[in-house]
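Contents: one structure, followed by commentary.
So that the names make sense, note that chain A is the first sequence line, chain B the second, and so on, each numbered from 1. What you are looking at is a predicted structure, and each value in this text was computed from that prediction instead of being measured. These values consider heavy atoms only, across backbone and side chains, with no hydrogens, waters or symmetry-generated copies.
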2 protein chains.
Amino acid sequence: MSPSLLERLQARGYRLTAQRRAVAQVLEGENVHLTADEVLDQAQALLPEISRATVYSTLQQFTEMGELRELSLDGRSKRYDPNIAPVHHHLVCESCGSVFDVAHGIKAPTLPAAQHHGMAITSAEIVYQGTCADCR
Amino acid sequence: MSPSLLERLQARGYRLTAQRRAVAQVLEGENVHLTADEVLDQAQALLPEISRATVYSTLQQFTEMGELRELSLDGRSKRYDPNIAPVHHHLVCESCGSVFDVAHGIKAPTLPAAQHHGMAITSAEIVYQGTCADCR
DNA sequence: CTGAGTGCAAAACATTTGCATACAT
DNA sequence: ATGTATGCAAATGTTTTGCACTCAG
């Protein structure tokens with residue numbers, strides 16, 4: 001089994017506090033795509049005194065460290081995905097906003113240089129939109 | 001040439017006011033991906049008394065009518081794309097948020113039914129991320 | 001005319017920031 | 001110890017809403 005988020009943070013020598021451990025623990029697992037607010041809720045269940053500002057700043061740091069991927073799938077709030085190892089895409093329910101991972105192996109087509117508009121491309125992500133079973 | 005946004009609205013018998021005409025006019029053209037706030041700015045240049053609430057509600061209606069496509073490309077604010085005819089994808093600058101269209105012809109791979117997670121898929125959009133010429 | 005559209009201001013969210021205090025290393 | 005992380009509360013940015021007034025059809 002691959003190292004957990006918490007283990008990866010320790011391995012980096014990252015300063016660990018109870019708050020950061022709570023955030024890491026909430027984000028452990030497969031197919032996890034929580035908003036900052038959901039992370040706050042679940043982290044407060046583990047550690048009641050954790051504050052909103054700390055959750056936001058911790059999520060921002062984990063993202064900058066490359067330990068989380070920030071997803072902007074609807075116009076409302078960002079979601080955080082701890083599944084960073086393989087590049088993978090997402091399915092989004094247009095009705096309730098729930099998110100599923102697409103197993104790796106599906107690859108976005110490479111964009112011909114003529115279409116780069118002068119940009120240096122670093123990644124490509126596909127968002128499949130539709131309606132989930134619950135919303136139908 | 002294909003009918004303009006304004007012409008399409010007229011053809012639907014949609015009730016037209018000076019405000020709605022201003023919003024439609026601002027969104028005319030190719031490679032336009034404005035935020036609500038940018039639409040407000042430009043619409044106020046045409047019609048100083050237009051209000052923020054009207055711009056938001058008009059954009060929402062145009063989107064529901066299928067005359068605009070709402071893009072959630074960064075976590076900040078939605079952008080509105082009047083180019084709805086062909087399905088097309090986008091290039092986004094991670095630094096400044098500017099957006100370019102990818103010419104049609106590029107298609108996202110079809111997702112095998114086994115990966116649908118019970119969802120009914122309606123569309124697939126690719127977001128290519130990178131850094132634009134100006135930001136380098 | 002008349003219901004739908006508009007402006008205004010306030011509310012509802014999402015996120016960020018400044019600063020004094022607490023704590024991991 | 002010491003510098004960084006945290007909590008609090010206020011600020012910022014985006015979008016929505018309630019309500020009285022206006023106007024397109």
Side-chain angles (χ1 to χ4, degrees), chain A residues 6-7 9-26 33-65 67-68 70-80 96-97 99, chain B residues 6 9-27 33-65 67-80 94 96-97 99:
Chain A
L6 189 58
E7 285 165 344
L9 294 168
Q10 285 178 320
R12 284 171 176 256
Y14 181 67
R15 178 167 168 182
L16 283 177
T17 61
Q19 290 79 345
R20 290 173 175 181
R21 256 180 266 116
V23 171
Q25 190 175 336
V26 163
H33 307 93
L34 299 173
T35 63
D37 206 59
E38 289 164 346
V39 173
L40 173 64
D41 274 357
Q42 297 190 28
Q44 282 185 328
L46 302 172
L47 185 73
E49 68 270 33
I50 192 172
S51 76
R52 185 178 301 274
T54 298
V55 167
Y56 273 94
S57 107
T58 303
L59 291 171
Q60 202 172 280
Q61 287 172 62
F62 288 3
T63 302
E64 278 160 13
M65 295 163 75
E67 298 292 355
L68 286 182
E70 199 176 73
L71 306 176
S72 301
L73 300 172
D74 62 6
R76 302 172 136 150
S77 49
K78 299 172 203 160
R79 289 179 178 272
Y80 294 86
C96 68
V99 180
Chain B
L6 189 58
L9 294 169
Q10 286 177 318
R12 283 171 178 257
Y14 181 67
R15 180 166 166 181
L16 284 176
T17 62
Q19 290 81 342
R20 290 173 174 182
R21 255 180 266 116
V23 171
Q25 191 175 337
V26 163
L27 286 164
H33 306 95
L34 300 172
T35 63
D37 207 58
E38 289 165 347
V39 172
L40 174 64
D41 274 357
Q42 296 190 29
Q44 282 184 328
L46 301 172
L47 184 74
E49 70 270 33
I50 193 173
S51 75
R52 184 178 301 276
T54 297
V55 168
Y56 273 92
S57 106
T58 303
L59 290 172
Q60 201 173 280
Q61 286 172 63
F62 287 4
T63 302
E64 278 161 14
M65 294 163 73
E67 297 294 355
L68 287 182
R69 180 167 283 249
E70 201 175 71
L71 307 176
S72 302
L73 301 172
D74 62 5
R76 300 172 139 148
S77 48
K78 298 173 204 160
R79 290 179 177 272
Y80 293 86
E94 288 168 329
C96 69
V99 179

If you compare all heavy atoms of [X] against all heavy atoms of [Y], which two are closest, and at what distance to 0.1 Å?
X: Ser72(B); Y: Asp74(A); answer: OG-C, 3.3 Å
X: Leu16(A); Y: Arg20(A); answer: CD2-CB, 4.4 Å
X: His33(A); Y: Arg79(A); answer: O-NH1, 2.6 Å

For Arg76(A) and for Ala18(B), locate the closest nucleotide of DNA chain C by heavy-atom distance; then report the residue assigned to the nucleotide nearer the 5' terminus.
Ala18(B)

Residue closer to the 5' end of DNA chain C, Tyr14(A) versus Ala53(A) (nearest nucleotide):
Ala53(A)

What is the separation between atom [atom1] on [X] and atom [atom2] on [N], rounded to the nearest whole Å?
X: Phe62(B); N: dT15(D); atom1: CZ; atom2: P; answer: 17 Å
X: Glu64(B); N: dT15(D); atom1: CD; atom2: P; answer: 15 Å
X: Ile50(A); N: dC8(D); atom1: CD1; atom2: P; answer: 11 Å
X: Leu40(B); N: dC8(C); atom1: CG; atom2: P; answer: 11 Å
X: Lys78(B); N: dC13(C); atom1: NZ; atom2: P; answer: 14 Å
X: Glu70(B); N: dT15(D); atom1: CD; atom2: C1'; answer: 11 Å
X: Gln44(B); N: dC8(C); atom1: CD; atom2: C1'; answer: 13 Å
X: Leu47(A); N: dA5(D); atom1: CG; atom2: C1'; answer: 13 Å

Could you give the angle between the helix axes at the two ends of the helix from dC1(C)-dG25(D) to dT25(C)-dA1(D), with five pairs per end, rounded to 10 degrees?
40°

Tell me if a side-chain donor or acceptor on Gln19(B) pairs with a main-chain N or O of Val55(B) at a distance below 3.5 Å.
no

Would you say the side-chain atoms of Gln60(B) pair up with the backbone N or O of Tyr56(B), donor to acceptor, closer than 3.5 Å?
no

[N] phosphate, OP1 or OP2: any side-chain N/O from [X] under 4.0 angstrom?
X: Thr17(B); N: dT6(C); value: yes
X: Tyr56(A); N: dT16(C); value: no
X: Gln60(B); N: dT15(D); value: no
X: Thr54(A); N: dG7(D); value: yes
X: Ser51(A); N: dC8(D); value: no
X: Gln19(B); N: dC23(D); value: no

Would you mind telling me which residue lines up with the more 5' stretch of DNA chain D, Asp37(B) or Leu16(B), judged by nearest nucleotide?
Asp37(B)

Do Tyr14(B) and Glu67(B) have side-chain N/O donor and acceptor atoms under 3.5 Å apart?
no

Is Asp37(B) salt-bridged to Arg52(B), cutoff N-O under 4.0 Å?
yes

Measuring only between side-chain heavy atoms, which start at C-beta, is Leu34(A) closer than 4.5 Å to Gln42(A)?
yes

Of the candidate nucleotides dG5(C), dG7(D), dT6(D), which contains the atom at the shortest distance from the side chain of Ser57(A)?
dT6(D)

Quiz question: going by heavy-atom distance under 3.5 Å, is there a donor-acceptor pair between the base of dT4(D) and the side chain of Arg15(A)?
yes

Under 4.0 Å between any heavy atoms, over every strand shown, what does Arg52(A) touch: base, sugar-phosphate, or nothing? Just pick one.
base

